[in-house]
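Here the structure comes first, spelled out in structure tokens, and everything after it is commentary.
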Amino acid sequence: MTVTTRFAPSPTGYLHIGGARTALFSWLWARKNKGKFVLRIEDTDEQRSTPEMTQAILDAMDWLGLDYDLGPYFQSQRKEIYQEYIEKLLASGAAYYCECTPEEVEKMREEARQKGLKPKYNGRCRNKNLGPGPGRVVRLKVPLTGETSFEDLVKGTISVRNAELDDFILRRSDGTPTYNLAVVVDDLTMGITHIIRGDDHVNNTPKQVLIYQALNVPLPKFAHVPMILGPDKKKLSKRHGALSVMIYKEMGFLPEALVNYLVRLGWSYGDQEIFSKEELIEKFSLENLNASASVFDLDKLLWVNSHYIKNSSVEQLVPLVSEFVQELGYTPEADYLAKIIPLYQPRAKTLKEMAEQMHFFFKTTEELDYDLKAVKKFFTPEVKEHLQTILGRMQETKDFSQKELENLFAKYLDETGIKFKLIAQPLRIAITGQTFSPGLFETMEVLGKEKVISRIQRALSLE
RNA sequence: GUCCCCAUCGUCUAGUGGCCUAGGACGCCGGCCUCUCACGCCGGUAACAGGGGUUCAAAUCCCCUUGGGGACGCCA
């Protein structure tokens with residue numbers, strides 16, 4: 001049987017970090033086993049589901065590189081199939097109609113709570129043999145005794161006493177199927193072999209197992225992956241910021257970096273930290289998934305991202321960085337950007353940071369803002385004299401390459417006996433306006449003779 | 001409240017009864033490199049939640065406690 005996994009988000013919100021990770025695990029498992037990955041949109045909650053959210057989820061998966069083989073299927077378009085299965089359950093006596101109103105059921109729950117028990121429906125209509133009728137729901141007749149258990153691929157055996165469960169609803173009074181019914185029917189009819197999903201579904205699983213059993217069909221394999229927690233160890237939520245994965249794109253993360261980080265969060269392969277996608281497909285396994293929840297650590301993500309930035313090719317980076325640069329209001333030529341990017345690859349943690357740091361490459365000499373405090377500190381009369389002389393020599397140079405510039409300076413230092421340190425910072429301030437930048441010679445070469453000279457001139461005339 | 005799940009450095013983790021004086025990574029601290037900021041390199045800091053068992057031997061197995069998370073909808 002071909003391994004088939006699925007990702008089944010409900011389009012009531014953006015694709016968040018936790019969802020992205022389970023999608024990733026499902027995708028990896030399918031790819032590793034040369035199986036199929038199904039995308040299913042669980043939009044049975046018509047009030048809260050929107051096409052915009054569906055599109056946003058699709059976009060996010062696309063950004064992460066999670067391609068699917070089948071789907072997207074929409075639960076809203078599969079209503080007949082659910083009805084068919086509900087009828088089967090009704091016909092076999094595994095399910096029954098219930099006429100209790102929501103208020104009545106709430107009362108039962110309240111009574112149970114009073115007694116310190118788990119709030120449940122008390123099975124009042126279980127033996128009434130009711131037929132269809134307005135306002136009536138269909139409930140599953142769950143065994144009163146015994147227990148329901150299943151093998152979880154990450155957590156081991158999980159079992160619940162049936163007495164803990166109640167006769168939950170399969171079909172609402174408006175005729176729509178509930179989540180638990182729809183999931184089982186979908187997973188069954190789509191041939192899902194491995195259900196890899198979030199931890200928060202563990203409690204639903206016994207109910208679903210009961211439906212499989214009532215339908216008299218074999219169980220798929222289950223793998224419940226732990227939740228991702230915020231730094232406060234609470235479920236990751238809006239107040240931890242950055243919920244949607246697309247926000248990470250906006251923050252300047254590379255999708256490969258996010259993928260790498262997310263996989264390593266809760267999964268490991270010895271001591272290895274960096275994995276290419278191909279390597280992940282080869283090495284991923286459900287057994288190595290950690291059973292406990294893990295805390296999202298932005299610092300480590302940043303580190304992984306900087307690794308990927310260092311190891312990306314300039315060609316890959318140009319279009320990406322270009323977007324961030326444009327956001328800042330600059331529109332450099334791609335060729336120019338391609339020369340600047342290598343200077344920042346070793347020093348930037350995000351693409352956004354990269355774009356922000358290179359601003360002085362895009363400004364004209366007149367637009368450049370000088371750090372006046374630094375100018376005051378470094379531009380002593382002696383230094384200005386040196387810069388003046390060097391300026392003259394630069395003007396005479398034809399070749400403004402890094403190598404030629406290094407020669408020019410070496411010669412000057414040799415002649416005057418001064419240390420490079422004495423003029424390095426002043427020169428940096430003169431050509432970048434600030435006290436930090438990539439190496440001076442690389443910077444000057446990329447900036448070009450004309451700009452370098454005009455900037456030194458402007459800096460010298462500042463005070 | 002009830003049920004389910006989980007528990008190694010601050011964080012992600014290695015560890016599947018002896019290789020553990022518990023390894024790696026991020027972070028942090030210190031040093032080196034150096035034209036600044038970074039990168040890089042070297043070194044350091046820091047953990048088996050607690051208590052009982054089982055065993056010649058336990059971070060590893062069992063039980064209890066504690067702590068954390070999740071679920072208890074005609075939401076998904």
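In what follows, every chain begins at residue 1, and chains take the letters A, B, ... in the order their sequences are listed. Just so it is clear, the model here is predicted, and its values are computed rather than measured.
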Notebook entry, point to check: So with a 6.0 Å cut-off around NZ of A:Lys283, is the heavy-atom count from everything else above 12?
Noted result: yes

| message | Taking any heavy-atom pair under 4.0 Å as a contact, classify A:Arg48: base, sugar-phosphate, or nothing. | response | base

**Prompt:** Is the cationic atom of A:Lys277 (NZ for Lys, CZ for Arg) positioned less than 6.0 Å from the six-membered ring centroid of A:Trp27 and within 45 degrees of its normal?
**Reply:** yes

Margin query: Applying a 4.0 Å non-hydrogen cut-off, can you work out what A:Lys419 is touching in the nucleic acid: base, sugar-phosphate, or nothing?
Written below: nothing

| said: I'd like the C1' distance from B:rA71 over to B:rG52, given in whole Å. | reply: 31 Å

Quiz prompt | Distance between C1' atoms of B:rC42 and B:rC33 (Å, rounded) | solution = 11 Å

Between B:rG23 and B:rG43, how far is it from one P atom to the other, in whole Å?
14 Å

- Task: For B:rU66 versus B:rU21, give the span between their P atoms, rounded off to a whole number of Å.
- Result: 32 Å

Please classify the nucleic acid contact of A:Cys100 as base, sugar-phosphate, or nothing, using heavy-atom distances under 4.0 Å. base

Does A:Lys352 make a cation-pi contact with A:Phe324 (under 6.0 Å, within 45 degrees of the axis)?
no

So what does A:Ser173 touch, heavy atoms closer than 4.0 Å: a base, only the sugar-phosphate, or nothing?
base

The first and last nucleotides of RNA chain B lying within contact of chain A, meaning any atom under 4.0 Å from one of its heavy atoms, run from B:rG1 to B:rA76

- Message: Between B:rG18 and B:rC39, how far apart are the two P atoms, rounded to whole Å?
- Response: 40 Å

B:rG67 versus B:rG50 - spacing of their P atoms, nearest Å: 15 Å

When all nucleic acid strands are considered with a 4.0 Å heavy-atom cut-off, which category describes A:Ser159: base, sugar-phosphate, or nothing?
sugar-phosphate

Judged by nearest nucleotide, the residue sitting upstream toward the 5' end of RNA chain B, A:Pro438 or A:Gly270, is A:Gly270

Using a heavy-atom cut-off of 4.0 Å across all strands, would you classify A:Glu42 as base, sugar-phosphate, or nothing? sugar-phosphate

*asked:* Within the 4.0 Å heavy-atom criterion, would you say A:Arg264 contacts the bases, only the backbone, or no part of the nucleic acid?
replied: base

Quiz prompt | C1' gap between B:rC61 and B:rG15, integer Å | solution = 15 Å

Exercise for the section: Indicate, with a heavy-atom threshold strictly under 4.0 Å, whether A:Leu440 touches base, sugar-phosphate, or nothing. Expected result: base

Relative to its sugar, using the 90° cut-off around 0, the base of B:rC6 is anti

When the side chains of residues 134-148 of chain A are checked against the rest of the protein, which donor-acceptor pairs come out under 3.5 Å, sequence neighbours left out?
from	atom 1	to	atom 2	distance (Å)
A:Arg136	NH1	A:Gly131	O	2.8
A:Arg139	NH1	A:Asp167	O	2.7
A:Thr148	OG1	A:Asn162	OD1	2.5

Between B:rU60 and B:rC19, how far apart are the two P atoms, rounded to whole Å? 13 Å

Query raised in the report: Distance-only, no hydrogens or angles: does the A:Glu282 side chain make a donor-acceptor pair with backbone N or O of A:Glu279 under 3.5 Å?
Result: no

Assert: residue with more 5' nearest nucleotide on RNA chain B, out of A:Phe441 and A:Asp43, is A:Phe441

Under 4.0 angstrom, heavy atoms only, what part of the nucleic acid is A:Ser294 near: base, sugar-phosphate, or nothing? sugar-phosphate

>> For a quick check under 3.5 Å, do A:Thr416 and A:His386 share a side-chain donor-acceptor pair by atom type?
In response: no

Applying side-chain contact (heavy atoms from CB on, under 4.5 Å) to A:Phe379 and A:Leu387, what does each step give before you reach the verdict? CA-CA 9 Å; A:Phe379 280 41; A:Leu387 288 186; 4.2 Å; yes

side-chain contact (heavy atoms from CB on, under 4.5 Å) test vs A:Tyr82 passes for just one of A:Val185, A:Thr176, A:Thr178, namely A:Val185

- Query: What does A:Thr12 touch in the nucleic acid at a heavy-atom separation under 4.0 angstrom: a base, only the sugar-phosphate, or nothing?
  - Reply: nothing

Which part of the nucleic acid does A:Gly266 contact within heavy-atom distance under 4.0 Å: base, sugar-phosphate only, or nothing?
sugar-phosphate

Residues of residues 199-207 of chain A with a heavy atom under 4.0 Å from any atom of RNA chain B, listed by number, are A:Asp200, A:His201, A:Val202, A:Asn203, A:Asn204

Between A:Met53 and A:Thr12, the two heavy atoms sitting closest are CG-C, 4.2 Å

Quiz item: Do A:Ile456 and A:Met394 pass the side-chain contact (heavy atoms from CB on, under 4.5 Å) test, and can you show the C-alpha distance, the side-chain angles, and the key distance before you say yes or no?
Solution: CA-CA 11 Å; A:Ile456 295 176; A:Met394 281 181 172; 3.8 Å; yes

Checking A:Phe253, A:Trp267, A:Phe296 against A:Tyr261 for ring-ring contact (aromatic ring centres under 6.0 Å, His included), the one that qualifies is A:Phe296

